[in-house]
Amino acid sequence: MGAVPSTPSLSGARPQDTAGYLIGSFVGEKSFPIGSDFWQKLLELPLNLHWPTHRVHEACKLFAQNNCNTRHLAKILIHLSWCLQECVSNSGALSEVYAKAVNAVYISSIFLKYLIENAQSNSIEEFHLSLNESEPAPNSFKTDQNIESLVMHNVLNFIGSVEVSPNTYLLHQELLNFMLVAMSTQLLYGPAPGPTDMNPFIDAAMAQESSLVRLVVQRLLLNYIIRPRIPFNSASYPVFSGGSQPGVLQRVSSAAATFVLLPFNYLVSSTGDGPRNPLADISLHVLLILNYYRKSVVGDESLTDRSDDSATSDSLSKGKTYFSDNPYCKALENARDIEFDRVDIEGNAHSGSHVRLPFASLFDTLGMCLADETAVLLLYTLVHGNSDFLEYVLVRTDLDTLLMPILETLYNASKRTSNHIYILLIILLILSQDSSFNASIHKMVLPSIPWYQEHLLHRTSLGSLMVIILIRTVKYNLSKLRDLYLHTTCLATLANMAPHFHHLSAYASQRLVSLFYMLSRKYNKLAERIDDKMGKSGSFGQDSLAEDLSAELHIYTDFLRIVLEILNAILTYALPRNPEVIYAIMHRQEVFEPFKNHPRFSELIENIYMVLDFFNSRIDSQTHDGEWSVEKVLQLIIMNCRSWRVEGMKMFTQLHFSYEQESHPEEFFTPYIWRVALAHRGLGFNPSAINLFPVDLPIEASSRFALNFKDINMLINQMMTEMIKINLKMRIGMNTEFCLTCSGCSIIYLPSIVHT
């Protein structure tokens with residue numbers, strides 16, 4: 001058996017030697033029948049054998065060589081299924097039954113992971129998930145049944161049916177670890193799902209009945225909300241460990257005796273990342289991977305949901321390729337608040353057909369954890385896909401629970417990944433599409449914002465803070481990231497908010513006018529460079545650099561116009577409620593002068609000067625000795641707001657930008673979620689086997705199973721603009737149609753016939 005330790009006999013052997021002998025037999029050449037008592041001995045022994053990583057690798061390599069003949073992977077998965085069936089059918093099952101299930105799932109995870117990351121082909125046959133025809137088997141077992149479907153059904157059935165308790169916590173966690181390993185076949189393929197991709201275990205999960213799917217989705221989210229935990233001195237061992245950590249086959253004592261479900265508020269962390277909880281974290285990772293999975297199928301007809309409920313055939317078409325329905329995505333989209341049971345017009349309740357969740361607890365949990373990227377991904381998934389949860393968020397009176405951590409994270413953008421920032425901005429854009437949200441955020445006054453360092457913000461409204469942070473994000477992006485997509489999302493959110501501004505603070509008003517000045521400086525520099533390039537010839541010729549400059553100038557022209565539209569929306573629809581905005585415009589009125597005759601801006605600038613003329617004349621008509629103080633000018637503005645009439649201004653339709661998810665979001669979200677999951681879970685995966693996202697790292701023999709994701713964060717972030725698109729719909733002043741396209745994303749402005 002090569003380097004795998006073994007002992008000459010089981011009788012009288014020490015427990016460590018016995019465990020070594022059984023593991024050696026498991027990976028060796030001899031095939032043990034499915035009904036052999038070998039399997040009971042293997043699963044009943046406490047696995048406290050301490051092996052360093054290189055010996056585990058040797059055992060895995062030997063197992064891979066022999067599995068084609070022994071079919072031991074299939075057999076241990078069958079035994080795992082049987083153990084789980086016994087656990088589910090007997091709610092009072094002995095701890096020995098749970099221990100056997102934990103052993104089975106743990107051993108399965110180790111060797112299945114090795115087979116996946118060292119797969120040589122796209123064929124499922126490489127895993128040998130079947131028994132030999134000559135294999136003796138119990139009468140109750142059908143030798144031709146699909147083993148991956150059998151094990152996934154029982155894994156999911158346990159997760160969805162059995163409560164997390166002191167006796168079951170460890171098994172729940174190891175089953176979720178197993179699911180992460182089983183679904184890691186996605187790492188072997190590119191971000192765009194193809195019909196030749198082989199994901200047998202996740203495909204088996206997709207084929208489960210919708211009633212079971214709902215139970216699983218509910219359990220995973222409840223794990224995330226409740227966050228059950230065990231004391232640190234009896235925590236679960238890691239599935240894969242190395243270095244100075246416990247050996248990969250070393251298990252700690254059972255946590256059952258000391259496990260407690262602590263009160264929810266006891267687990268609250270003040271770090272901003274929320275309480276770190278292994279079961280909660282992996283539950284969310286598994287849920288997100290399941291939610292964004294798409295099975296690509298080639299055929300004349302689309303696959304439909306294989307559940308027992310009424311199926312739909314609204315699968316997505318991509319040429320001759322179709323995506324089958326994802327029941328987990330549907331279950332999450334249709335989740336309902338447990339406190340609000342909807343009934344139809346005939347009074348019939350439908351609680352059994354939906355996932356029932358405590359939205360209040362979910363809202364609070366997300367608010368505590370939004371510094372974590374997976375929490376942000378869940379919030380995005382819910383507000384974009386679940387209309388009931390979005391509606392719940394919008395009617396909450398404590399929106400600061402979500403908005404404050406979002407805004408603080410944006411404030412610290414330099415410490416976060418680009419993907420994290422993008423998703424947060426999209427969430428704000430989605431929320432800003434609702435007029436009640438835009439109005440309510442100005443009603444909540446914050447006594448102080450201690451984390452904002454540039455300016456003392458005292459008694460600032462939540463709406464004003466949101467304006468300040470969005471403008472600060474644009475400024476940061478202009479100087480550091482130079483990402484046009486980020487610019488557009490920030491400006492689109494501000495445009496949605498503008499007509500509903502209410503007593504915008506002095507600082508927020510100043511920043512708004514400064515935003516126009518900042519963009520105008522960028523515009524003027526580009527215009528000067530183009531003029532220098534053209535010279536006396538009056539044309540670009542074939543200079544690609546000049547063409548790029550011209551395209552960038554066009555983009556910043558659009559940005560400036562949006563800011564002018566924002567200012568016009570305030571002056572047209574909210575002038576009496578925003579005297580500080582008028583003061584800020586008057587104080588910096590010279591920044592608008594160079595654009596009075598610009599063909600794209602003249603109508604919008606005309607309205608601004610109409611307001612300036614009105615209030616300048618009122619101030620000039622006042623006799624005043626000495627200099628005008630800020631307070632006196634502001635008081636005069638407030639007095640004259642009452643006599644202001646909007647009739648003379650040119651009216652523009654209110655801007656309204658809406659977010660639309662790109663038709664194939666899995667091409668962005670699947671690599672993103674897996675990157676985060678691998679980094680958080682410490683699941684070392686062979687870098688050379690990963691094709692889902694770019695990996696370009698030197699691999700040392702001593703760290704074959706270790707993958708440091710720090711060096712590839714930049715590469716992954718660059719994929720963002722290539723894999724996600726938004727459609728931003730607006731009415732522009734001249735009622736024309738134009739398209740703004742930047743690198744990697746398509747941002748389309750359309751006339752009002754399609755604005756939402």
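Here, residue 1 is the first one in the sequence, and each next residue gets the next number.
The existence of a salt bridge linking Arg600 and Asp558 is confirmed by a sub-4.0 Å separation between a basic side-chain nitrogen and an acidic carboxylate oxygen. Ionic pairing of Arg675 and Glu373 is present here: one or more N-O contacts between side-chain nitrogen and carboxylate oxygen are shorter than 4.0 angstrom. Using a cut-off of 4.0 Å between Lys/Arg side-chain N and Asp/Glu carboxylate O, Asp364 and Arg396 are scored as salt-bridged.
With hydrogens and angles disregarded, no donor-acceptor distance shorter than 3.5 Å links the side chain of Asn438 to the backbone of Phe501.
Of the N and O atoms on the side chains of Tyr292 and Glu667, not one donor lies less than 3.5 Å from an acceptor on the other residue. In the model, Asn496 has no side-chain atom that pairs as donor or acceptor with a side-chain atom of Thr493 under 3.5 Å. Under 3.5 Å, the side chains of Tyr392 and Glu339 contain no donor-acceptor pair of N or O atoms.
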(request) Starting from the C-alpha separation in whole Å, work towards a yes-or-no answer on side-chain hydrogen bond (donor to acceptor under 3.5 Å, both in side chains) for His487 and Asn477. (result) CA-CA 7 Å; His487 272 349; Asn477 180 56; 3.1 Å; yes
(message) Set out, in order, the CA-CA distance, both residues' side-chain angles and the distance that settles side-chain hydrogen bond (donor to acceptor under 3.5 Å, both in side chains) for Tyr507 and Tyr452, then state yes or no.
(response) CA-CA 13 Å; Tyr507 185 63; Tyr452 193 91; 3.1 Å; yes
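Residues Val676 and His680 meet the side-chain proximity criterion, which asks for heavy atoms closer than 4.5 Å. Residues Arg588 and Ser514 have side chains in contact (heavy-atom distance under 4.5 Å, counting atoms from C-beta outward). The shortest distance between side-chain heavy atoms of Val376 and Ile406 does not fall below 4.5 Å.
The aromatic ring centres of Phe592 and Phe516 sit less than 6.0 Å apart. The six-membered or imidazole ring of Phe559 lies near that of Tyr556, with a centre-to-centre distance under 6.0 Å. Two rings, from Phe437 and His500, have their centers 6.0 Å or more apart. Ring centers of Phe389 and Phe359: under 6.0 Å apart, within the cut-off.
Applying the side-chain contact (heavy atoms from CB on, under 4.5 Å) criterion to Ser448, with sequence neighbours excluded, gives Pro450. Residues forming a side chain to side chain donor-acceptor pair (under 3.5 Å) with Asn568 (at least two apart in sequence, or on another chain): Asn607.
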